[in-house]
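For reference, the structure discussed in these notes is given below.
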Amino acid sequence: MAEVLVYVDHVDGAVRKPTLELLTLARRIGEPVAVALGAGAGDTAAALAEHGAVKVLTHDAAEYADYLVVPKVDALQAACEQVSPAAVLVPSSTDGKEIAARLALRIGSGVITDAVDLEAGDEGPVATQSVFAAAYTTKSRVSKGTPVITVKPNSAAVEPAPAAGEVEALSVTFSEQATGTRVTGRTPRESTGRPELTEAAIVVSGGRGVNGAENFAIIEALADSLGAAVGASRAAVDAGWYPHTSQVGQTGKSVSPQLYIASGISGAIQHRAGMQTSKTIVAVNKDAEAPIFELVDYGVVGDLFEVVPQLTEEIKARKG
Ligand SMILES: Cc1cc2nc3c(=O)[nH]c(=O)nc-3n(C[C@H](O)[C@H](O)[C@H](O)COP(=O)(O)OP(=O)(O)OC[C@H]3O[C@@H](n4cnc5c(N)ncnc54)[C@H](O)[C@@H]3O)c2cc1C
């Protein structure tokens, strides 16, 4: 069976969820071979094996932390030369998309970004994308070289499938460009204790209807009862009620969680563009004519200041 390279996103050996999702998708098109780089790369093996990696290629060097993405591209290129994979899968983060684009250029391949699904095809893997503000769903395949595909978080369920996960050292020679852009400082973001917005399985968002920064506590309380991330509409972030980094939509972040709860959000096309592929959508809005109700699975016509706290209490009570 053909091997499929999966680029591993990890923090000091702790594998992040989108990589485990990639392993599920990789198994549909071949045998997953994971590529883990940097500090803690060897510590990723157990989790990767548990989720289907037949092999884990590892390499650690200071360059991965000290410089931007090019050392990682060098390593993936070396892995491609070693394995001759049927495809290379990379998580759709900002770094991931840059790595994928640079790798595709290096190896003379086509690249597909922001896939939301992946299936085997007669002439290579077929990727599904959600495009034009989620108005269309397209299917494409790379017609030249080894397909390099980035996949959005939450596009597949994480499915354990124990495999050998044999660790092998990858031999990497860094290119001249690898040390072209040095990282000069790092400042950790203040942690909210909540999951990262684009990776969260549940997102609870607030819009103009929340009517003030202080009222976002209601949205946060619901999010915390569900272990969710907090998102916001552009109207809410432009009003200064919530940070711009939490904006969901065309000019904000694209999320595709299992559950998206929108409160006090009208459902403008630019907001929908960032959340329309969510699996289950719930909205609370006092206007029964609000466009958000066109795409919801469950809708509550009501005042969010009454509905949301009740929902939070009910969830807490059920969790015991
Ligand atoms: C180029 C461009 C890019 C854009 N990018 C984005 C983007 O990335 N993300 C984004 O979100 N927007 C974006 N927008 C803005 C977008 O068009 C809308 O203006 C915005 O999404 C509206 O935000 P909202 O739904 O919170 O506010 P509104 O449209 O004002 O809706 C507020 C809703 O809250 C309801 N409401 C009010 N009070 C309550 C209450 N007490 N209880 C329950 N419901 C209540 C109202 O009925 C209403 O439906 C963009 C616009 C442009 C032109």
Side-chain angles (χ1 to χ4, degrees), residues 92-94 97 113-114 116 129-137 152-155 192 194-200 202-226 228-257 259-315:
S92 263
S93 58
T94 310
K97 284 191 264 193
T113 54
D114 285 341
V116 294
Q129 289 162 296
S130 174
V131 299
F132 292 139
Y136 286 86
T137 298
K152 279 189 171 187
N154 291 305
S155 294
T192 59
R194 299 191 183 97
E196 158 66 27
L197 183 57
T198 55
E199 292 173 13
I202 305 178
V203 174
V204 178
S205 287
R208 203 194 306 270
V210 174
N211 198 26
E214 63 289 357
N215 297 337
F216 256 86
I218 296 173
I219 303 296
E220 289 179 335
L222 176 58
D224 291 342
S225 74
L226 292 162
V230 175
S233 71
R234 180 155 146 183
V237 306
D238 280 354
W241 301 342
Y242 223 66
H244 276 280
T245 47
S246 303
Q247 182 182 319
V248 172
Q250 190 180 319
T251 43
K253 295 206 169 127
S254 227
V255 301
S256 194
L259 173 62
Y260 187 87
I261 305 180
S263 296
I265 292 178
S266 61
I269 182 77
Q270 296 88 354
H271 186 79
R272 290 157 74 140
M275 46 65 74
Q276 199 155 353
T277 54
S278 305
K279 305 289 177 299
T280 301
I281 299 171
V282 176
V284 181
N285 196 305
K286 66 180 183 186
D287 175 9
E289 303 297 322
I292 191 90
F293 286 126
E294 290 163 14
L295 76 156
V296 298
D297 298 280
Y298 302 96
V300 182
V301 179
D303 186 332
L304 71 91
F305 295 101
E306 285 171 25
V307 177
V308 174
Q310 283 184 56
L311 187 55
T312 307
E313 284 318 307
E314 188 62 29
I315 289 163

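Computation of the quantities below employed the complete heavy-atom set of this structure, encompassing side-chain atoms and omitting hydrogens, waters and symmetry-equivalent molecules. Whatever order the structure lists them in is the order used to number ligands and atoms, beginning at 1.
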Taking atom 37 (C) of ligand 1 as the point of reference, which of A232, G209, A283 owns the nearest heavy atom? G209
Do R272 and P291 have side chains that get closer than 4.5 Å, going by heavy atoms? yes
For atom 5 (N) of ligand 1, what's the nearest protein heavy-atom neighbour? Residue, atom name and distance, please. T251 OG1, 2.6 Å
Looking only at heavy atoms, is any part of I292 under 4.0 Å from ligand 1, and if so is it the side chain, the backbone, or both, or is it neither? neither
Which residue in the set Q247, H244, H271 passes side-chain contact (heavy atoms from CB on, under 4.5 Å) when paired with R234? Q247
If you define the side chain from C-beta out and look only at heavy atoms, does anything of M275 sit under 4.5 Å from I281? yes
Please list, in number order, the atoms of ligand 1 under 4.0 Å from a heavy atom of Q250. 7 (C), 8 (O)
For the backbone of E306 and the side chain of Q310, can you confirm whether one donor and one acceptor N or O come within less than 3.5 Å of each other? yes
Enumerated ligand 1 atoms positioned under 4.0 Å from heavy atoms of S233: 11 (O), 23 (O), 24 (P), 26 (O)
For G252, the ligand 1 atoms whose distance to one of its heavy atoms is below 4.0 Å: 8 (O)
Taking the side chain as C-beta and beyond, is there a heavy-atom pair between T245 and K253 under 4.5 Å? yes
among protein heavy atoms, the one nearest atom 1 (C) of ligand 1 is R234 NH1, 4.4 Å
Of the choices L304, V300, D287, N285, which has the non-hydrogen atom that lies closest to atom 46 (C) of ligand 1? N285
For atom CD of E289, is the number of surrounding heavy atoms from other residues, nucleotides or ligands below 6.0 Å larger than 12? no
Looking at atom 30 (O) of ligand 1, what's its closest protein heavy atom, distance included? R208 NE, 2.6 Å
What is the closest protein heavy atom to atom 53 (C) of ligand 1, and at what distance does it sit? Q270 NE2, 3.8 Å
Non-hydrogen atoms of V204 and A223 that approach each other most closely: CG2-CA, 3.8 Å
Looking at non-hydrogen atoms alone, which of H271, K286, E289 comes nearest to atom 11 (O) of ligand 1? H271
Contacting atoms of ligand 1, where contact means under 4.0 angstrom from a heavy atom of D303: 40 (C), 41 (N), 42 (N)
Minimal non-hydrogen separation, S263 against L304, with atom names: C-CD2, 4.0 Å
For atom 22 (C) of ligand 1, what is the nearest protein heavy atom, given as residue, atom name and distance? A235 CB, 3.9 Å
In terms of atom number and element, which parts of ligand 1 are under 4.0 angstrom from non-hydrogen atoms of V248? 7 (C), 8 (O), 9 (N), 10 (C), 11 (O)
Per-atom contacts of ligand 1 with G302, taking only distances under 4.0 Å to non-hydrogen atoms: 42 (N), 43 (C)
Students should be able to answer this: which protein heavy-atom is nearest to atom 7 (C) of ligand 1, and at what distance? Q247 NE2, 3.1 Å
Which bit of A268 is near ligand 1, meaning a heavy atom under 4.0 Å away: side chain, backbone, both or neither? side chain
Measure the shortest side-chain to side-chain distance between V230 and T192 over non-hydrogen atoms and say whether it is less than 4.5 angstrom. no
Determine whether a donor-acceptor pair (N or O, by modelled atom type, separation under 3.5 Å) exists between the side chain of N154 and the backbone of E199. yes
Do the non-hydrogen side-chain atoms of L197 and V255 ever get within less than 4.5 Å of each other? yes
Using a plain distance cutoff, I'd like to know if G264 has any nitrogen or oxygen under 3.5 Å from a nitrogen or oxygen of ligand 1. yes
With distance as the sole test, does S256 use its side chain to make a donor-acceptor pair with the main-chain N or O of T277 at under 3.5 Å? yes
State the atoms of ligand 1, each with its element, that fall below the 4.0 Å cut-off from a heavy-atom position in G207. 26 (O)
Using a distance threshold of 4.0 Å (strictly less than), state whether atom 19 (O) of ligand 1 has a protein heavy-atom neighbour. no
Residue, atom and distance of the protein heavy atom nearest atom 29 (O) of ligand 1 read S266 OG, 2.6 Å
Number the atoms of ligand 1 from 1 as they appear, then name those within less than 4.0 Å of a heavy atom of G249, with their elements. 7 (C), 8 (O), 9 (N)
Residues D114, K97: salt bridge by 4.0 Å N-O rule: yes
